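Notes follow once the structure below has been shown.
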Amino acid sequence: MDILITGLFLGGTYALIAMGLNLQYGIARIMNLANGEMIVVGGFSAFWLYSSAQVSPLLTVFLVAPVAFLLNWLIYWIMLRPLVKRAKSRGQLEVDAILATFGLAFVSVGIMLAVFGGDYFSYSYLARPIRLLGDTYALNRATAFLAAVLICAAIYLWLNYSRPGMSIRAIAVSPESARLVGIDVPKLAALTFALGGAVTATGGALISMFFTLDASTGVIFTLKALVIVIMGGVGDVRGTIVAALLLGVLETFVAAVIDPGLTLAAAYLLFIVILLFRPQGLFGRRGT
Amino acid sequence: MKRRTLLNTTVALTLSAALAGPALAQETLKIGAVGPKTGPLAGGAAVTHWPNIELWSTEVNERGGIDVDGTKYMVEIIEYDDQTNPSETISAVTRLATQDEADFILAPYSTGLNLAAAPIFDRFGYPQVTSTASTDRVGELSDQFPNLFFLLGQNSEIVGDAVEILTELREAGDIGNRVAMVNVADAFGIELAASAKPIFEEAGFELVYETSYPLGTPDLSPVMKSAKDSEPDAFVAWSYPPDTFGLTEQAVIEELDVGVFYTAVATAFPAYKQRFGAAAEGVMGIGGVNAESESFQDYAARHMEVTGQAPDYWASGMMYASLQILEQAITGAGTIDRDTVTQYIKDNSFDTVMGTIEFDENNNNPAYWTVGQWQGDAFRGVASTGREGAVDPILKDGWE
Amino acid sequence: MIRADGRTLALVALVLAVAACLPLTGSAYWLSLGISIAMYTVLTTSWALFSGPTHYISLATAAFFGVGSYTTGIGIEYLPYWALPPIAGVLGAVMAALVGLATLRLSGVYFVIFTLGLAELVRQVIIWFQNISGQKGIYVLTKITEAQIFWQLLGLAALVYAAGWAIGRSRLGFALRIIGDDEEVARHSGINTARAKVALFMVSGAAAAVVGAVLAPRFVYIEPSTAFTPMLSFQVVIMALLGGTGRLWGPLVGVIPFTFLWEAISASFPNQTTLLLGVSFLVIVYLLPRGFVGLIEGTRRRMRAREAFA
Amino acid sequence: MRTDAPVLSLRGATKRFGGLVAVNDLDFDVAEHEVMGLIGPNGSGKSTTLNLISGALPPTSGGIALRGTPIENLPAQEIARKGVARTFQLVRLLPSMSVLDNVRAGAVFGHRRRWGAEAETHALRMLKLVGLDRRAHAHTGELTYIDTKRVELARVLASDPEVLLLDEWLAGLNPTELEEGIALIRRLRDDGRTIVLVEHVMDAIRSLCDACVVMSSGAKIAEGTPDEVLSDPEVIRAYLGDDDDA
């Protein structure tokens, strides 16, 4: 029980890390290698506002999300739209996006270094035990999990029941047909990319409550997010959530029962095994 | 064949002319500095490495430069970012030696990068006074690289003293026999844990929980829960910065009740105290300083003033000491000839912020702090291999 | 066609011969740049041997490189140094064969991330093993000089080029070009696509492992975090793509300017290295959409066109 | 050479996709030098049958044999090597290669494996056979529709197959091209090749096929000469019924 809850909390954290990338890659079709840097930006904002003005990271989120949305929206229109336009095929776009966002990741790290230096930033917020069903857990992790649930649910409902959400899903399935039925693909792709960025930055602000970050740590999160998105299946919100939770529970289980030294090995093993049996990811569609 | 020799001689002549040439006219010393500004170790280097270089060069230039046989030499620092990548460290040191023709090069940051650079330092005859390298192979390394100096100490001593402190506390009846030991599965953590295990067993401790976890483990709560379940009297973690923070936070949350709580690297960072506040009281870790000594207090104040941040209580002082040693050796030798300066470092003792330092026959500093503990607002040395001013260890008393 | 190949081959041999003289100049600086170039040439060229025709982007370079480094790191205690790079090559090839067989069903980005996950898995398992076996830090203390490392890498580069040239001329190379165009057609033409792909993947895996083994003495101290750095995998992909993977010499024209650019930025802007690398990267991506090969061939075509009209 | 033993034979060949039975218990034989027409309304399972024979899909059950050797469990490349070569419903060329290299692909990797100059002369011979020898060095992108079909045919022929599977090879051609196409296949027939033809063009079937198998909803409903089957009432019904929802 204790393992399950700890694992779910960790899984919630992973969902926060990966959900934004899933939107950006699954729908806007940009494999964003600068995803982790957006997490660090979110985390730094929370750190800075907390240590300079005692603003709770839970409030910072409401500032970070719209700013990140705007920032990512601009990134899409200025940087990525030209690539989408010039790409002759999906594969070409993939390669270009990898190269461009890799460069963007470098630029982001460089800017962050210049702005807030290379030092670790870590602060203590809600690092208190709470008791659930007879065991103790970290309040900040529980809070982040709750936030993850809210965010994921909101995205899921929005994609499935709102008009723009349904258009976006149509784009994910087939951009060409979506264009034929009168959906403004570039605009919605930009919107989704921006939304993905906002979710990612929000995740960063939340996880900074318990992760020690520095300007260069982004790449670790990018790798993790890529693994989760692929494992769940590109473009599927449920897939990302399930994959994140699965990973969280597995890592916790291995750490608690087998050997903490194998935690990450087990995580990657799970990822590899899943791909061997379901090459398109847990919820992915074949042939994409 | 003959032509080849001729060619080589010409090259050698040109090279030596190039190296000797600037020394005649200049009044500044070019000092090369390499270290991570990005990459996995950038966070640590931003605490320990770069601020001291800034502090030292500022101070030297404020007092008019380094005295070499009556002439004052200002220092000019040439910095390179090695991105925590040994290939880049090698390139950067080579560039400093050949392109920038640096008069001296400061040791890079961390064991791996220091050793990667060692052959280049050796080849060009630069002394490398390391302050962030920790190894058990000092003898072998100094045989291969006679210009390589170690300030920070040997792993076996760091581990041995930690066990000794525990033994003392046990003999005083303060703690029992049960130790939970974890380590981060990266080079340094593995090396420390591998040394520690036999020493703990020899000292009669029972390792009730023992495990490693990968660097970058996102959630350490299973580790801490298992450690807690094993009901230890002492918790020892051979840890790295992010997990040092993570483990402590989990210990607070799990309300781990131990007499000794020990985490390794970064425990001595000011950020640790800043983050955990009163809960840090009684936490032990690698390093420590004589916080009461005037020289250290003075150093800490100047560090704060010049760089805007506090030094850490382990390698920072050593890093600064390495710069002082270099400066004193240049002045003492009265020349900037590197071989003479290297020999001077071997033969003499130096007065530094960490106290007097003298290298042994293996180019190793035999007297260094091994175990420190947060007591009040400072991380004070509780054990050393021959340093003055150790305080008595206190028991960890809860997390409030 | 064949005559043109012969000329290219002669040119390559000449370039290698000239390059081999680099250590004789006595400049440690150029030698260290030379090592970077040679190392990335081997890594990117062997990478492109597989990825160029098949369009599979592999991020497993670091895994092979790391295994190679560890082969030297651990093996040096028991075996003479010269025996280690070949062993590393065999290990790399075996590992590549296993991975290749496992990943045949994966396509596109799933393959990309799979190889990334694999690299991390190998790294984690090796670290874990190092930890439980109580292996302390791994030191590679040898008398091997930079020049020797450089020559070994050059030799390896020559081998990779020879292999690439031979493959390009063989049924295997032709098969791979067909697979790259249309795998379905390839299968129905009687090509064992799985075998062809795995064979090539083994070549690139072995080459990367040997590079790791050769470079280990240079680093003196082997750490998992540097031996298996994912950055290496990305750099290889980026340089190869910047050069162009359609030609055997494509990666090389990516590696050389990139190394100099990297060096120039690292040397001139130590505090903004990362930022400027990113910026120059973006500039290249936007201004050179088809890599340096595209640029060179475009220029050549324009020049030819001008001659034709003159 | 015995002509009575079939080159290709299907026995109870069945393919299910989940609940859908695409090919149901199909039996037929193709004799040496015979052109066999596989006809039927859209969705009757003709193309799936070709996919089973060529190994693009494994059959759910049943057997397929080439000169008596079972091939139903072999992967596509093995079947191709044993001498079954196919064209695709939608032409598939190798876009980055010249016409000649496209054809060389068949010569190098097919049933009879050639290499070097031999493969090249053989490929040129095949191009000449389909009437494209003068465009050997053209890029595939420059070709007209029928020429792309010719290239594909030449590629398949270059492997010297025992059995040639043509999947609606004549579809989409205009009347003039159709005439050329039929003439081309007739020439192959006259050369004594064994061909299985999935086709909709009735004229072609009448003039080219020695025998026909008619499929409807995955099952064989008639077999015989073209004239026989095309006058079979069940076949007519199947086609007319198909017309309703076509």
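Everything quoted here is computed from the prediction, not taken from an experiment. Residue numbers start from 1 in every chain, and the chains themselves are labelled A, B, ... in the order their sequence lines are given, proteins ahead of strands.
- Options C/K143, C/M231, C/E263 differ in how many heavy-atom pairs under 4.5 Å they form with chain B, and the most are formed by C/E263.
- The line from CG of B/D186 to CD of C/Q130 is 8.5 Å long, rounded to the nearest 0.5 Å.
- Only the side chain of B/Q99 comes within contact range of chain C, with heavy atoms under 4.5 Å apart.
- Only the side chain of B/I120 comes within contact range of chain C, with heavy atoms under 4.5 Å apart.
- By the neighbour-count criterion of 12 heavy atoms within 6.0 Å, atom OH of C/Y81 is densely surrounded, having more than that number from other residues, nucleotides or ligands.
- Contact annotation: the side chain of B/F145 approaches that of C/L141 to within less than 4.5 Å [non-hydrogen atoms, C-beta and beyond].
- Counting only N and O atoms by type, the side chains of C/N271 and B/D81 include no donor and acceptor under 3.5 Å apart.
- Residues C/T273 and B/T38 are not in side-chain contact: their nearest non-hydrogen atoms beyond the backbone lie 4.5 Å or more apart.
- Comparing C/P224, C/S266, C/S32, C/A267 by how many heavy-atom pairs each has under 4.5 Å with chain B, the most go to C/A267.
- Contact of the C/F219 side chain with the B/L115 side chain is not registered, since no non-hydrogen atoms from C-beta on lie closer than 4.5 Å.
- The distance from atom CG of B/D100 to atom OH of C/Y29, rounded to the nearest 0.5 Å, is 8.5 Å.
- Counting heavy atoms from C-beta on, the side chains of B/T98 and C/S27 never come closer than 4.5 Å.
- At a 4.5 Å heavy-atom cutoff, the contact between B/P119 and chain C is made by side-chain atoms alone.
- Atom CG of C/L215 sits about 6.5 Å away from atom OG of B/S87, to the nearest 0.5 Å.
- If you tally non-hydrogen atom pairs under 4.5 Å between each of B/N183, B/N85, B/L215 and chain C, the highest count goes to B/N183.
- Between B/T84 and C/T226, the shortest heavy-atom distance links the atoms O-CG2, 3.8 Å.
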Verdict with reasoning, C/L277 to B/Q83, per side chain to side chain contact (heavy atoms under 4.5 Å, CB included): CA-CA 12 Å; C/L277 279 175; B/Q83 299 151 17; 4.2 Å; yes
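- The backbone N or O of C/T142 lies less than 3.5 Å from a partner atom in the side chain of B/Q144, making a donor-acceptor pair.
- Note that CD of C/E223 is 7.5 Å distant from CG of B/L41, once rounded to the nearest 0.5 Å.
- Contact of C/S225 with chain B is made through backbone and side chain together, with heavy-atom distances under 4.5 Å.
- For a residue to count as touching a neighbouring chain, one of its non-hydrogen atoms must lie under 4.5 Å from one of that chain's; by this rule C/I265 does not touch chain B.
- C/Y221 and B/G112 get closest at one heavy-atom pair: CD2-CA, 3.4 Å.
- For B/R123 and C/E146, the salt-bridge test fails: no basic side-chain N is under 4.0 Å from an acidic carboxylate O.
- The closest side-chain heavy-atom distance from B/E88 to C/W262 is below 4.5 Å.
- Looking only at side-chain heavy atoms (C-beta outward), C/I127 and B/I190 come within less than 4.5 Å of each other.
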